[in-house]
> 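Below you'll find the structure I mean.
So you know, we letter chains A, B, ... as the sequences are listed, proteins then strands, and number each from 1. Keep in mind that the numbers below use all heavy atoms, side chains included, and drop hydrogens, waters and symmetry copies.
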Amino acid sequence: MSAELSKQPVVKEVPPKGDDLSAWYTAVCLRAELVSYSPVRGCVVLRPYGFGLWENLQRELDARFKATGHENAYFPLLIPESLLMKEAEHVEGFAPEVAWVTHGGSEKLTERLAIRPTSEVIIGTMYAQWIESHRDLPILINQWCNVVRWEKATRPFLRTMEFLWQEGHTAHATAQQAREETLKILDVYRDFAENVAALPVYAGVKSASERFPGAEETYSIEALMPDGKALQSATSHDLGQNFAKAYDITFADADGTTKHVYTTSWGMSWRMLGAVIMAHGDDRGLRLPPKLAPLEAVIVPIVKASDRRALDVAEQLRAALAERGFRVRVDDRDQTPGWKYAEWEIRGVPVRIEIGPRDVESASVTLVRRDKRKGEEGASRNVPTSGVAEALRETLGAVHENLFAQAKEFLTTHTFAVSEREEFLERCSSRAGMIDVAWCGRPECEAFVKAQTGATTRNLRALEGQARCVACGESARVRAYFAQSY
RNA sequence: CGGGACGUAGCUCAGCUUGGUAGAGCGCCGCGUUUGGGACGCGGAAGUCGCAGGUUCAAGUCCUGUCGUCCCGACCA
């Protein structure tokens, strides 16, 4: 963005995105009525428009879980302290951010209860009761719930003390099945990110230091934000037998011996919505991917004192589109059309349908795309009223593709394959984006890079051929994306 | 958790230095005229100045504490 353009906000109440991403992000979250701050520190209220985003995320992701054989269930919010303590690494990882219930009414509890920061513990305990035989496996359960982590610094969606997410927990007879499950879900997350959220991501395995406490392996999808920082958007963990051993989850196998199960866990939170907001938004506010948008289209009737026909036409069109499954509303509030255009642009509705006297005369409507700038090629077009449903379907698809293409272009042009040490450190320090390098895989090496530059490995993938670690010069074992992260 | 900034009307902020009866713009409500990119006129409502103490005849203003928000860093799946 040019300096001249940056001086005046394009939209009042929303500062230019390129000037200060943090200020832009917070302003948009509030102004678009996604969230409100609440009287509780670090906790936000998810308003109806924001909850609409979450509902669509849920619907799309849940359908994918169901399609891969998972069922939903619900487990308790509170976890007895003694239960939590059984898996040492896990406890150590979460201890600093667990909130505790110490009293019931005025009576002090004999045992403290943790408010779940995640549910491996309580679910593992139940699995121990439910599983007896290899015939009981696999167990494939997901729950949609809230969790609490006592965070020090919070921001809407990206890091809040209480947040909404889904957590899947599965148990399997063999290590291989657990690994396959972990990778299957990783691919569900990648598919969701790309085809629902219009967000290109890098999927891969986490380094040892970035691994979930108690996991054998953690996999993640990582998106790139406009400031060059990476945002971990979902994780999938292969827990091996660690939790099975801690919580004594065993089964009688076909060969007659008793064995520990292999478990997995995986989660995506409303943090994904933060990634969507930041990656796609522009100087005029939100730009929502159609599949997540609470409203796919808003109809703005333009009425004159002498001609109020547009109002009826708009309502008929709304009913016809709703009938065909579109999420639409008519904005018939007492405001000028220009006011409504600006308002719905801030709130990111993918398509605006204008109906004025001219359109009524010609039995047509005007479709305007939010993802394009005013006057840009293809930003608006006039279509016959009879063909609106088809045109809308087509346009929503095009908006998704365009948002994805723009985000992909950003990711591609901000991913740097680097083999020189100096350039590597410089790009890491300057938040250039995803720095793609050959890496030795040693925790000391990663710690050194973090201390020098603030960047860590986001995730790793196989190294082809032979190379030297870009940071320390030892023999490289993997390829890694380094970046500073949220 | 460390460093910095800020809490005054729904929002953005002025007023604080030098203590003396609470201000503006936008928004909101009513009526009328309007409506193809944030309309206009007239009238109106709205704030225990984040909260709690203290100093003072008198505190939005000075002092202490506390809660919250933002930024930078540390921490964090």
> What's touching nucleotides 33-35 of chain B from the protein side, N or O pairs under 3.5 Å?
residue : atom : partner  : partner atom : Å
B/U35   : O2'  : A/Val303 : O            : 3.4
B/U35   : O2   : A/Gln335 : O            : 3.4

> Can you tell me how far C1' in B/G20 sits from the matching atom in B/C72, rounded to whole Å?
41 Å
> Counting Watson-Crick and G-U wobble pairs only, both distances under 3.5 Å, name the nucleotide matched with B/A22, or none.
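Its partner is none (no Watson-Crick or G-U wobble pair with both distances under 3.5 Å).
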> If the P atom of B/G47 is compared with that of B/G41, how far apart are they to the nearest Å?
26 Å
> Given atom CE of A/Met161 and atom P of B/C1, what is their separation to the nearest angstrom?
12 Å
> Ion pair present between A/Glu394 and A/Arg381, side-chain N to carboxylate O less than 4.0 angstrom?
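A salt bridge is present here (some side-chain N lies under 4.0 Å from a carboxylate O).
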> Identify whether any heavy atom of A/Thr366 sits under 4.0 Å from a base atom; if not, whether one sits that close to sugar-phosphate; answer base, sugar-phosphate or nothing.
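Here A/Thr366 touches the bases of the nucleic acid.
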> So which one's nearest nucleotide on RNA chain B is more toward 5', A/Arg284 or A/Trp165?
A/Arg284
> Do A/Lys206 and A/Glu217 sit within salt-bridge range, that is, some charged N less than 4.0 Å from a carboxylate O?
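No, A/Lys206 and A/Glu217 are not salt-bridged.
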> Regarding B/G37, can its base be found pairing with the side chain of A/Glu345 as donor and acceptor, where the two atoms are less than 3.5 Å apart?
yes
> Please determine, for B/A14, whether a Watson-Crick or G-U wobble partner exists with both distances under 3.5 Å, and give it or none.
none
> Report all interatomic pairs (protein N or O, nucleotide N or O of nucleotides 70-74 of chain B) with separations under 3.5 Å.
residue : atom : partner  : partner atom : Å
B/C70   : OP1  : A/Tyr37  : OH           : 2.6
B/C71   : OP1  : A/Ser22  : OG           : 3.3
B/G73   : OP1  : A/Arg431 : NH2          : 3.4

> Considering every strand and a 4.0 Å limit on heavy-atom distances, what is the contact class for A/Gly214: base, sugar-phosphate, or nothing?
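A/Gly214: no heavy atom of the nucleic acid under 4.0 Å.
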> Is the closest basic N to carboxylate O distance between A/Arg190 and A/Asp187 below 4.0 Å?
yes
> Measuring from the side chain of A/Glu343 (C-beta onward, heavy atoms only), which nucleotide among B/C76, B/G38, B/G36 has the closest atom?
B/G38
> P atom, B/U8 versus B/U55: distance in rounded Å?
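Nearest-Å result for B/U8 against B/U55 at atom P: 27 Å.
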> Can you tell me, in whole Å, how much space there is between the C1' of B/C51 and that of B/A59?
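Their C1' atoms lie roughly 16 Å apart.
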> Looking at B/G27, which nucleotide sits across from it as a Watson-Crick or G-U wobble partner, both distances under 3.5 angstrom, or is there none?
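Across all strands, not a single nucleotide pairs with B/G27.
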> How close or far is atom C1' of B/C76 from atom CZ of A/Phe94, stated in whole angstroms?
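About 10 Å, once rounded to whole Å.
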> Any chance you could lay out the side-chain hydrogen bond (donor to acceptor under 3.5 Å, both in side chains) test for A/Glu92 and A/His90, step after step, and finish with the verdict?
CA-CA 5 Å; A/Glu92 201 185 322; A/His90 188 61; over 6 Å; no
> Could you give me the CA-CA distance, side-chain angles and deciding distance for A/Arg179 and A/Asp238, then say whether salt bridge (charged side-chain N to carboxylate O under 4.0 Å, His left out) is met?
CA-CA 6 Å; A/Arg179 180 58 56 92; A/Asp238 180 348; 2.7 Å; yes
> Whole Å only: how far is the CZ atom of A/Arg31 from the C1' atom of B/C26?
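Going from A/Arg31 (CZ) to B/C26 (C1'), I get 12 Å.
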> In whole Å, what separates the C1' atom of B/G27 from that of B/A46?
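Approximately 11 Å lies between the C1' atom of B/G27 and that of B/A46.
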> For A/Arg458 and A/Ala342, take the nucleotide of RNA chain B holding the closest heavy atom to each; which residue's nucleotide lies nearer the 5' end?
A/Ala342
> Please confirm whether A/Arg458 makes a cation-pi placement over A/Tyr202, using NZ or CZ under 6.0 Å from the six-membered ring centre and within 45° of the ring normal.
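No, a cation-pi geometry is absent between A/Arg458 and A/Tyr202.
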> Could you please name the partner base of B/U55, counting Watson-Crick and G-U wobble pairs only when both distances are under 3.5 Å?
none
> Salt bridge check, A/Glu354 against A/Lys340: does any charged N sit closer than 4.0 Å to a carboxylate O?
no
> Which whole-number value in Å describes the distance from A/Lys206 NZ to B/C76 P?
13 Å
> When the P atoms of B/C11 and B/G19 are considered, how many whole Å apart are they?
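So the two P atoms sit 30 Å from each other.
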> Which value, in whole Å, describes the distance between the C1' atoms of nucleotides B/U35 and B/A22?
37 Å
> Please give, in whole Å, the distance from B/G10 C1' to A/Leu30 CG?
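Interatomic distance, CG of A/Leu30 to C1' of B/G10: 13 Å.
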> Decide salt bridge (charged side-chain N to carboxylate O under 4.0 Å, His left out) for A/Arg370 and A/Asp282; before the verdict, give the C-alpha distance in whole Å, the side-chain angles of both, and the deciding distance to 0.1 Å.
CA-CA 10 Å; A/Arg370 172 63 180 90; A/Asp282 65 14; 2.8 Å; yes
> When both hydrogen-bonding distances must be under 3.5 Å and the geometry is Watson-Crick or G-U wobble, what is B/G32 paired with, if anything?
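In the structure as shown, B/G32 has B/C40 as its Watson-Crick or wobble partner.
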> For A/Glu97, report the nucleic acid contact type (base, sugar-phosphate, nothing); a contact means any heavy atom under 4.0 Å.
sugar-phosphate
> Is A/Pro357 touching bases, backbone alone, or none of the nucleic acid, heavy atoms closer than 4.0 Å?
base
> Would you sort out whether A/Lys372 and A/Glu377 count as a salt bridge (charged side-chain N to carboxylate O under 4.0 Å, His left out), showing the intermediate values?
CA-CA 8 Å; A/Lys372 297 201 173 234; A/Glu377 175 75 27; over 6 Å; no
> The test is salt bridge (charged side-chain N to carboxylate O under 4.0 Å, His left out); show your working for A/Arg352 and A/Glu343 and say whether it passes.
CA-CA 11 Å; A/Arg352 176 172 79 235; A/Glu343 178 70 11; over 6 Å; no
> In whole angstroms, how far is the C1' atom of B/C76 from the CD atom of A/Glu446?
14 Å
> Distance criterion of 3.5 Å, no angle test: do you see the side chain of A/Arg352 paired donor-to-acceptor with the base of B/G37?
yes
> Would you kindly say whether A/Ser233 and A/Glu222 are connected by a side-chain donor-acceptor distance under 3.5 Å?
no
> Can a side-chain donor-acceptor contact be found between A/Ser220 and A/Asn459 if the only test is distance below 3.5 angstrom?
yes
> Which one is paired to B/A9, where only Watson-Crick or G-U wobble pairs with both distances under 3.5 angstrom count?
none
> In the strands shown, is B/G2 matched to any nucleotide by a Watson-Crick or G-U wobble pair with both distances under 3.5 Å, and which?
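Pairing partner: B/C72.
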> C1' atom, B/C71 versus B/G32: distance in rounded Å?
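Per the computed distance, 48 Å lies between those C1' atoms.
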> Tell me the interatomic distance from A/Asp331, atom CG, to B/G37, atom P, rounded to whole angstroms.
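After rounding, the reported distance stands at 15 Å.
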> Could you state the atom-to-atom distance from CD of A/Glu151 to P of B/U69 in whole Å?
13 Å
> Which one is paired to B/A45, where only Watson-Crick or G-U wobble pairs with both distances under 3.5 angstrom count?
none
